[in-house]
Colleague: 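First the structure, then my questions, so here it is.
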Amino acid sequence: MKFSVSDLSDIIRERRTIQPKDYTAREVHRDIIERVLQNAVWAPNHGMTQPWRFTVFTGDARQRLSTFLGEEYTRITPPDKFLQKKFENHTLRPLQSTVTIALGMARDPKEKISELEEMFAVACGVENMYLTCTAYGLGAFWSTGAATTGEGMVRFLGLGEKDKCLGLFYIGYPAVEWPKGYRKPLPDFVKWEE
Ligand SMILES: Cc1cc2nc3c(=O)[nH]c(=O)nc-3n(C[C@H](O)[C@H](O)[C@H](O)COP(=O)(O)O)c2cc1C
């Protein structure tokens, strides 16, 4: 065996979503952030378009992201659907996390690969990010929703007209006990044809 499948399986199963409200204020070192992103770009991608475009928010930039998310949530939410709790989630998360990464997808100019496949490639990269965080003992949280994936966010990030944002990826050292995961048994998901 070239690598330990047991170690790999442990990392995959230990990977957990941990939200920014449960992070400590301890900063995630830039070397670690870079390793997380390096591992992301080794994900498979159809046609080698390498569609991932990351924007890393740290330091004062977190406040800019927080302000944008609050304004964007308010802009796109009909008044009767507006929830103060949701507004606070949008504005607080970038401040509770010492680093937040916007998950951009750049459309290949020739559009030789479908948009769906480009998004799959970015999603594969996100799983690599999650697993790398797990190996470092870092909590991570992939957050989606209209304010983080809409056209306003694409403009805020300075991405191209045809590009997309697949959400935000928060990273932080957990202040809570590492959560336990749960999955249904494999036969619930698998049909064997023999
Ligand atoms: C594409 C994608 C988008 C997600 N968006 C959200 C989100 O907007 N809000 C949220 O609370 N969790 C979000 N999650 C995280 C899931 O809630 C989480 O993965 C699920 O509860 C399973 O927990 P685990 O990641 O610890 O195994 C998202 C996960 C994926 C894969």
Colleague: Just verifying a value: how many Å separate M105 CE and T49 OG1, rounded to the nearest 0.5 Å?
Modeller: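 Going from CE on M105 over to OG1 on T49, the span is 9.0 Å.
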Colleague: So does N128 get a backbone contact from the side chain of N39, meaning a donor-acceptor N/O pair under 3.5 Å?
Modeller: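 Pair absent, no side-chain N/O of N39 close to backbone of N128.
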Colleague: Determine, using the 4.5 Å side-chain heavy-atom cutoff (strictly less than), whether L157 and M129 are members of one ILVMFWY cluster.
Modeller: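 No, L157 does not connect to M129 through the hydrophobic network.
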Colleague: Which heavy-atom pair separates I18 from P179 by the least distance, and what is that distance?
Modeller: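 Closest approach of I18 to P179, heavy atoms only: CD1-CD, 3.5 Å.
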Colleague: Taking C-beta and beyond as the side chain, do L103 and W52 meet within less than 4.5 Å on heavy atoms?
Modeller: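 Side chain of L103 against side chain of W52, heavy atoms only: no contact under 4.5 Å found.
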Colleague: Not counting sequence neighbours, list each pair that qualifies as a salt bridge (charged side-chain N to carboxylate O under 4.0 Å, His left out) and has a residue in residues 176-192.
Modeller: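 Qualifying pairs, neighbours excluded: K191-E193.
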Colleague: Going by the rule side chain to side chain contact (heavy atoms under 4.5 Å, CB included), which residues pair with K81 if we only count those two or more places apart in sequence or in a different chain?
Modeller: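 For K81 the side chain to side chain contact (heavy atoms under 4.5 Å, CB included) partners, ignoring immediate neighbours, are T77, P78.
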Colleague: Under the ring pair (Phe, Tyr, Trp, His ring centres under 6.0 Å) definition, can you give me all pairs with a residue in residues 2-35, not counting sequence neighbours?
Modeller: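 Listed by first then second residue: nothing to list.
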Colleague: Specify the closest pair of heavy atoms between W178 and E14, including all atoms of both residues, with the distance to one decimal.
Modeller: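 Smallest heavy-atom distance, with atoms named: NE1-O, 2.8 Å.
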Colleague: For residues 53-65, tabulate all N or O donor-acceptor pairs below 3.5 Å that involve a side-chain atom, not counting sequence neighbours.
Modeller:
{"residue": "R53", "atom": "NH1", "partner": "Q50", "partner atom": "O", "Å": "2.9"}
{"residue": "R62", "atom": "NE", "partner": "G59", "partner atom": "O", "Å": "3.0"}
{"residue": "R62", "atom": "NH1", "partner": "L95", "partner atom": "O", "Å": "3.2"}
{"residue": "R62", "atom": "NH1", "partner": "S97", "partner atom": "O", "Å": "3.2"}
{"residue": "Q63", "atom": "NE2", "partner": "T67", "partner atom": "OG1", "Å": "3.2"}

Colleague: Roughly how far apart are K86 NZ and T74 OG1, rounded to 0.5 Å?
Modeller: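 K86 NZ to T74 OG1: 12.5 Å, rounded to 0.5 Å.
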Colleague: Would a 4.5 Å heavy-atom cut-off, applied to side chains only, mark I113 and D108 as touching?
Modeller: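 Sidechains of D108 and I113: no contact.
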Colleague: Tell me if the CZ atom of R35 is crowded by more than 12 foreign heavy atoms within 6.0 Å.
Modeller: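 Atom CZ in R35 is not packed in, count stays at 12 or less.
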Colleague: Could you go through M153 and L69, starting from their C-alpha distance and side-chain angles, then the distance that decides it, and tell me whether this counts as side chain to side chain contact (heavy atoms under 4.5 Å, CB included)?
Modeller: CA-CA 8 Å; M153 176 59 109; L69 288 175; 4.0 Å; yes
Colleague: Out of curiosity, does F120 fall in the hydrophobic cluster containing V122 (side-chain heavy atoms, cut-off under 4.5 Å, transitive links)?
Modeller: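 V122 and F120: separate clusters.
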Colleague: Supply the atom-to-atom distance H46 NE2 to C124 SG, rounded to the nearest 0.5 angstrom.
Modeller: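 If we round to the nearest 0.5 Å, H46:NE2 and C124:SG are 13.0 Å apart.
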Colleague: In Å and rounded to the nearest 0.5 Å, what is the OG to CE distance from S114 to M119?
Modeller: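 Between atom OG of S114 and atom CE of M119 there are 8.5 Å.
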Colleague: Under a single-linkage definition using a 4.5 Å side-chain heavy-atom cutoff for Ile, Leu, Val, Met, Phe, Trp and Tyr, are L168 and V154 assigned to the same hydrophobic cluster?
Modeller: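 L168 and V154: one cluster.
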Colleague: For F169, which residues count as a ring pair (Phe, Tyr, Trp, His ring centres under 6.0 Å) partner, sequence neighbours excluded?
Modeller: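 Y130.
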Colleague: Taking all non-hydrogen atoms of both residues, which atom of G70 and which atom of T91 are closest, and how far apart?
Modeller: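 Here G70 and T91 meet closest at CA-CG2, 3.5 Å.
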Colleague: Salt bridge check: are R75 and E72 linked by an N-O gap of less than 4.0 Å?
Modeller: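 Yes, this pair counts.
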Colleague: List in chain and number order the residues that pass side chain to side chain contact (heavy atoms under 4.5 Å, CB included) with R13, two or more places apart in sequence or in another chain; answer none if no residue qualifies.
Modeller: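 By the side chain to side chain contact (heavy atoms under 4.5 Å, CB included) rule, R13 matches S9.
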Colleague: Just grab all the salt bridge (charged side-chain N to carboxylate O under 4.0 Å, His left out) pairs involving residues 17-34, residues at least two apart or on different chains.
Modeller: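 Listed once each, the pairs are R30-E34.
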Colleague: Provide the closest heavy-atom pair for A121 versus A43 in the form atom of the first, atom of the second, distance.
Modeller: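 Between these two residues, the closest heavy atoms are O-CB, 4.1 Å.
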Colleague: Please report the shortest heavy-atom distance between I101 and L37, naming the atom on each side.
Modeller: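 Nearest heavy atoms, I101 then L37: CD1-CD2, 3.9 Å.
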Colleague: Which ring pair (Phe, Tyr, Trp, His ring centres under 6.0 Å) pairs, counting each pair once, include a residue from residues 61-92, with sequence neighbours left out?
Modeller: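 Residue pairs passing ring pair (Phe, Tyr, Trp, His ring centres under 6.0 Å), neighbours aside: F68-F156, Y73-F82, Y73-H90, F82-F87.
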Colleague: Go through the structure and list residues passing side chain to side chain contact (heavy atoms under 4.5 Å, CB included) with I12, not counting sequence neighbours.
Modeller: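 Side chain to side chain contact (heavy atoms under 4.5 Å, CB included) list for I12, sorted by chain: L8, L131.
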Colleague: Indicate, with yes or no, if I33 and Y173 share a hydrophobic cluster defined by side-chain heavy-atom contacts under 4.5 Å among Ile, Leu, Val, Met, Phe, Trp and Tyr.
Modeller: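 Shared cluster, yes.
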Colleague: Any side-chain heavy atom of Q19 within less than 4.5 Å of one from N89?
Modeller: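 No, every pair of side-chain atoms sits at 4.5 Å or beyond.
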Colleague: Which side-chain N or O atoms in residues 137-149 pair as donor and acceptor under 3.5 Å with protein atoms at least two apart or in another chain?
Modeller:
{"residue": "W142", "atom": "NE1", "partner": "L166", "partner atom": "O", "Å": "2.8"}
{"residue": "T148", "atom": "OG1", "partner": "T144", "partner atom": "O", "Å": "3.3"}
{"residue": "T148", "atom": "OG1", "partner": "G145", "partner atom": "O", "Å": "2.8"}
{"residue": "T149", "atom": "OG1", "partner": "G145", "partner atom": "O", "Å": "2.9"}

Colleague: Spell out, yes or no, whether V126 and L116 are grouped together once hydrophobic residues are joined by side-chain heavy atoms under 4.5 Å, including indirect joins.
Modeller: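 Cluster IDs for V126 and L116 differ.
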Colleague: Can you list the residues that meet the side chain to side chain contact (heavy atoms under 4.5 Å, CB included) rule with L186, with sequence neighbours excluded?
Modeller: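 Per chain and number, L186 pairs via side chain to side chain contact (heavy atoms under 4.5 Å, CB included) with V190.
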Colleague: Are L92 and P20 close enough that some pair of their side-chain heavy atoms sits under 4.5 Å apart?
Modeller: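 In short, these two side chains do not touch, never coming nearer than 4.5 Å.
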Colleague: State whether K164 and E118 are salt-bridged, where the test is any N-O pair (Lys NZ or Arg NE/NH1/NH2 against Asp/Glu carboxylate O) under 4.0 Å.
Modeller: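 No, K164 and E118 are not salt-bridged.
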Colleague: Going by the salt bridge (charged side-chain N to carboxylate O under 4.0 Å, His left out) test, which pairs reach into residues 152-161, not counting sequence neighbours?
Modeller: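 For residues 152-161, and leaving out neighbouring residues, there are no salt bridge (charged side-chain N to carboxylate O under 4.0 Å, His left out) pairs at all.
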Colleague: More than 12 heavy atoms of other residues, nucleotides or ligands under 6.0 Å from CD of E88: yes or no?
Modeller: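 It does: E88 CD has more than 12 such atoms within range.
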